[in-house]
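Before any comments, here is the structure.
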Amino acid sequence: QVHLAESGGGLVQAGGSLRLSCTASARPFSNYAMGWFRLAPGKDRDILAAISGSATSTYYGDSAKGRFTISKDNAKGTVYLQMNSLKPEDTAVYYCAQSTNYYSTIRGSYDYWGQGTQVTVSS
């Protein structure tokens, strides 16, 4: 059973930055894509960013482009999401997830999920 644990959420003022971390266990970390998603009230769980098993390929959704950066440390079994220039509309619960594939931007391919971490951006 894969266990994912996110950390790094919190309250930040608009324009500020946060770095989310997610540590995964129980299957070879470098074999699988990792993704960051978020769920805001009244909205679908959107993919923000994804990174391939070897960290050589990345994807960003429109909400993340130019402001967020995904990275991965396979030795530590950890994926990160650096979030800069945060806006109130970024307020949501952020989830990391691990895919069944080496690289994927399809939500349905992500079969293991963390418990989520709340990010609140005040104006």
Side-chain angles (χ1 to χ4, degrees):
Q1 182 72 22
V2 175
H3 177 67
L4 303 180
E6 300 113 334
S7 61
L11 175 64
V12 64
Q13 289 188 331
S17 298
L18 282 175
R19 188 175 83 153
L20 305 181
S21 300
C22 172
T23 301
S25 62
R27 65 184 184 185
F29 195 69
S30 60
N31 289 0
Y32 302 98
M34 296 294 296
W36 284 98
F37 298 75
R38 71 183 181 189
L39 181 62
K43 296 187 178 181
D44 291 333
R45 188 177 298 193
D46 291 333
I47 185 169
L48 290 171
I51 189 165
S52 63
S54 63
T56 54
S57 298
T58 57
Y59 164 85
Y60 294 96
D62 289 341
S63 300
K65 288 177 182 176
R67 299 188 300 130
F68 297 177
T69 302
I70 189 170
S71 60
K72 195 171 185 262
D73 186 332
N74 284 334
K76 295 182 178 179
T78 303
V79 62
Y80 305 95
L81 185 68
Q82 178 67 43
M83 304 187 294
N84 299 327
S85 302
L86 284 163
K87 307 173 183 179
E89 50 264 44
D90 293 317
T91 295
V93 178
Y94 285 68
Y95 298 87
C96 71
Q98 189 175 65
S99 176
T100 57
N101 300 330
Y102 175 79
Y103 179 59
S104 177
T105 63
I106 307 302
R107 187 177 68 184
S109 77
Y110 286 80
D111 57 346
Y112 289 105
W113 293 79
Q115 79 286 355
T117 186
Q118 177 70 45
V119 171
T120 302
V121 184
S122 63
S123 57

Check: S123 side chain, P88 main-chain N or O, donor-acceptor pair, under 3.5 Å: no
Quick one: pull up SG in C96 and CG in L48 and give me the separation to the nearest 0.5 Å. 12.0 Å
Is there a path of hydrophobic side-chain contacts, each under 4.5 Å between heavy atoms, that joins V119 and Y60? yes
Strictly by modelled atom types, are S54 and Y102 linked by a side-chain donor-acceptor pair under 3.5 Å? yes
Could you check T91 against Q118 for side chain to side chain contact (heavy atoms under 4.5 Å, CB included), going step by step and ending with a plain yes or no? CA-CA 8 Å; T91 295; Q118 177 70 45; 3.9 Å; yes
If only atom types and distance count, is the side chain of E6 paired as donor or acceptor with the main-chain N or O of G116 below 3.5 Å? yes
Could you check if a side-chain atom of C22 sits within less than 4.5 angstrom of a side-chain atom of M34, using non-hydrogen atoms only? yes
CD1 of I51 to OG of S57, rounded to nearest 0.5 Å, is 8.5 Å
Pair W36, V79 - check side chain to side chain contact (heavy atoms under 4.5 Å, CB included), show working. CA-CA 9 Å; W36 284 98; V79 62; 3.7 Å; yes
Any chance you could measure S109, atom OG, to Y103, atom OH, to the nearest 0.5 Å? 11.0 Å
If hydrophobic clusters are built from ILVMFWY residues whose side chains come within less than 4.5 Å, do V12 and L81 share one? yes
Between F29 and I70, is there shared hydrophobic-cluster membership here, with clusters defined by ILVMFWY side-chain heavy atoms closer than 4.5 Å? yes
Find out if a path of hydrophobic residues (ILVMFWY) with successive side-chain heavy-atom gaps under 4.5 Å connects W113 to V2. no
Roughly how far apart are S104 OG and Y59 OH, rounded to 0.5 Å? 10.5 Å
Are there more than 12 heavy atoms of other residues, nucleotides or ligands under 6.0 Å from atom CG of L39? yes
Compute whether any side-chain donor of one residue and acceptor of the other, for N74 and K76, lie under 3.5 angstrom apart. no
With rounding to the nearest 0.5 angstrom, report the NZ to OG1 distance, K72 to T56. 9.5 Å
Is the F37-Y110 ring centre distance short of 6.0 angstrom? yes
Are Y80 and Y94 connected in the hydrophobic side-chain network, where two residues link if heavy atoms are under 4.5 Å apart? no
Stepwise, does the side chain to side chain contact (heavy atoms under 4.5 Å, CB included) test hold for F68 with L18? CA-CA 10 Å; F68 297 177; L18 282 175; over 6 Å; no
Could you check whether any side-chain N or O of D44 sits under 3.5 Å from a backbone N or O of D46, counting only pairs where one atom can act as donor and the other as acceptor? no
Heavy atoms only: give me the nearest S17-N84 pair and the separation to one decimal. OG-OD1, 2.9 Å
Taken in chain and number order and not counting sequence neighbours, the residues that satisfy side chain to side chain donor-acceptor pair (under 3.5 Å) with S122 are none
I need the minimum non-hydrogen distance between A24 and L4, along with the two atoms involved. CB-CD2, 3.0 Å
Can a donor-acceptor pair be found between the side chains of S21 and T78 at a distance below 3.5 Å? no
Between D90 and R67 (salt bridge meaning N to carboxylate O under 4.0 Å), is one present in this structure? yes
Under a 4.5 Å cut-off applied to non-hydrogen side-chain atoms, are V93 and T117 in contact? no
For R45 and R38, run side chain to side chain contact (heavy atoms under 4.5 Å, CB included): C-alpha distance rounded to whole Å, both residues' side-chain angles, the deciding distance at 0.1 Å, then the answer. CA-CA 5 Å; R45 188 177 298 193; R38 71 183 181 189; over 6 Å; no
Return the CD1 to CG distance between I47 and D62, rounded to the nearest 0.5 Å. 12.0 Å
Test D111 against T100 for side-chain hydrogen bond (donor to acceptor under 3.5 Å, both in side chains), laying out the working first. CA-CA 7 Å; D111 57 346; T100 57; 5.4 Å; no
